[in-house]
Amino acid sequence: MDPVSCAAVSCIVVVRYSSDFITLRVNTDIKLEEFKEQVCRELKQFTPLDSSISNGSSSTSSSRNNLTVAMYLEDKRKPAKPLLSDGWTKVLGEIGHVFVEGVTQVRVAFTKYLLRTGFQMIVTHNERSRFTAKCADEKCGWKFHAASIDERNEMFQVRSYNPEHICGAGGRNLNQTYSTSFSSSLIDE
């Protein structure tokens, strides 16, 4: 097989601007100006930069805008590995689902859902015996409620859950902070 025909046709690009990150899939033959415009569309505060970015695994920095770009080439011959976050849209379970590690496990599952979907949410109850959240869009019917099913609050059960968002696609909350227990749970996984 000709080595040229096995070349990657796209790459994953990670763009860091200050403390914000985005990832983009781009064709490897994209022109620099097109790439700049694509990044600017993703992060509205960007203005097109005058910088050079080379193909291949590389990193380029521009101190003017505190920008770092890293490109990772994909090899299409190898199947893509599933991401840890691929199943996070279903971590909240269904009505009747039991979280055996209490409210901590519910909070971690909710954070995973937020991180994966990007929807803006409001937590209305975050207590030892109950956890309730709803979509920040008042018109949306998404709601999740889990409550303790034992006296010691060690097991939580999903009591009500409407998993459908009618408010549109999830947005990006790039300034989200996460608890140390959430970070610890990811390391454990």
Side-chain angles (χ1 to χ4, degrees), residues 12-25 39-46 66-70 72 74 79-189:
I12 302 296
V13 179
V14 179
V15 178
R16 180 183 67 83
Y17 181 76
S18 297
S19 62
D20 297 335
F21 291 86
I22 62 167
T23 57
L24 305 164
R25 179 181 302 276
V39 169
C40 291
R41 280 193 302 272
E42 290 292 322
L43 290 174
K44 301 288 188 227
Q45 73 264 24
F46 272 180
N66 195 12
L67 171 75
T68 301
V69 176
Y72 304 95
E74 286 185 308
K81 292 181 182 177
L83 299 175
L84 178 62
S85 63
D86 283 349
W88 288 0
T89 55
K90 301 188 184 327
V91 293
L92 296 177
E94 300 173 341
I95 294 176
H97 176 78
V98 175
F99 293 93
V100 295
E101 295 176 23
V103 72
T104 302
Q105 187 180 16
V106 174
R107 290 174 183 146
V108 167
F110 179 72
T111 303
K112 287 178 177 179
Y113 179 83
L114 280 179
L115 185 61
R116 181 65 176 145
T117 63
F119 286 103
Q120 300 295 319
M121 302 289 187
I122 298 171
V123 176
T124 57
H125 298 95
N126 187 4
E127 303 161 3
R128 285 182 28 138
S129 61
R130 65 182 174 162
F131 182 92
T132 307
K134 64 180 184 175
C135 184
D137 185 339
E138 292 293 326
K139 298 173 189 163
C140 183
W142 189 96
K143 186 175 181 181
F144 174 81
H145 174 72
S148 175
I149 57 173
D150 65 342
E151 292 177 10
R152 294 175 26 186
N153 297 325
E154 293 176 349
M155 295 176 65
F156 269 61
Q157 183 176 39
V158 177
R159 298 287 177 90
S160 64
Y161 183 34
N162 178 3
E164 299 299 321
H165 281 275
I166 60 169
C167 58
R172 289 179 189 238
N173 188 354
L174 298 175
N175 297 318
Q176 189 84 313
T177 58
Y178 302 102
S179 68
T180 54
S181 63
F182 175 72
S183 300
S184 300
S185 73
L186 291 182
I187 293 169
D188 287 344
E189 283 184 37

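If you read the sequence from its start, that first residue is 1, and numbering goes on from there.
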CA sep, side-chain torsions, deciding dist, call: Cys140, Phe119, side-chain contact (heavy atoms from CB on, under 4.5 Å): CA-CA 11 Å; Cys140 183; Phe119 286 103; over 6 Å; no

Residues that Asp137 engages under side-chain hydrogen bond (donor to acceptor under 3.5 Å, both in side chains), provided they are two or more places apart: none

Trp142 and His165 aromatic ring geometry - parallel, tilted or perpendicular at 30°/60° bounds: parallel

Set of residues satisfying side-chain contact (heavy atoms from CB on, under 4.5 Å) with respect to Glu154, sequence neighbours excluded: Asp150, Arg152

Flag side-chain contact, heavy atom, 4.5 Å: Val98 against Phe156: no

Set of side-chain contact (heavy atoms from CB on, under 4.5 Å) partners for Ile95, sequence neighbours left out: Tyr161

Tabulate below the donor-acceptor pairs under 3.5 Å that side-chain atoms of residues 127-136 make, not counting sequence neighbours, or state none.
unit_1: Glu127; atom_1: OE1; unit_2: Arg130; atom_2: NE; d: 2.8
unit_1: Glu127; atom_1: OE2; unit_2: Arg130; atom_2: NH2; d: 3.3
unit_1: Arg130; atom_1: NH2; unit_2: His125; atom_2: NE2; d: 3.3
unit_1: Thr132; atom_1: OG1; unit_2: His145; atom_2: ND1; d: 2.5

Contact summary for Asn153 and Ser148, nearest pair of heavy atoms: OD1-OG, 2.9 Å

Minimum side-chain heavy-atom gap Met121-Val123 below 4.5 Å: no

Selection residues 89-105 - residue pairs positive for salt bridge (charged side-chain N to carboxylate O under 4.0 Å, His left out), sequence neighbours left out: none

Side chains of Thr104 and Phe99 in contact at under 4.5 Å (non-hydrogen atoms): no

With sequence neighbours excluded, residues passing side-chain hydrogen bond (donor to acceptor under 3.5 Å, both in side chains) with Asn126: Arg107

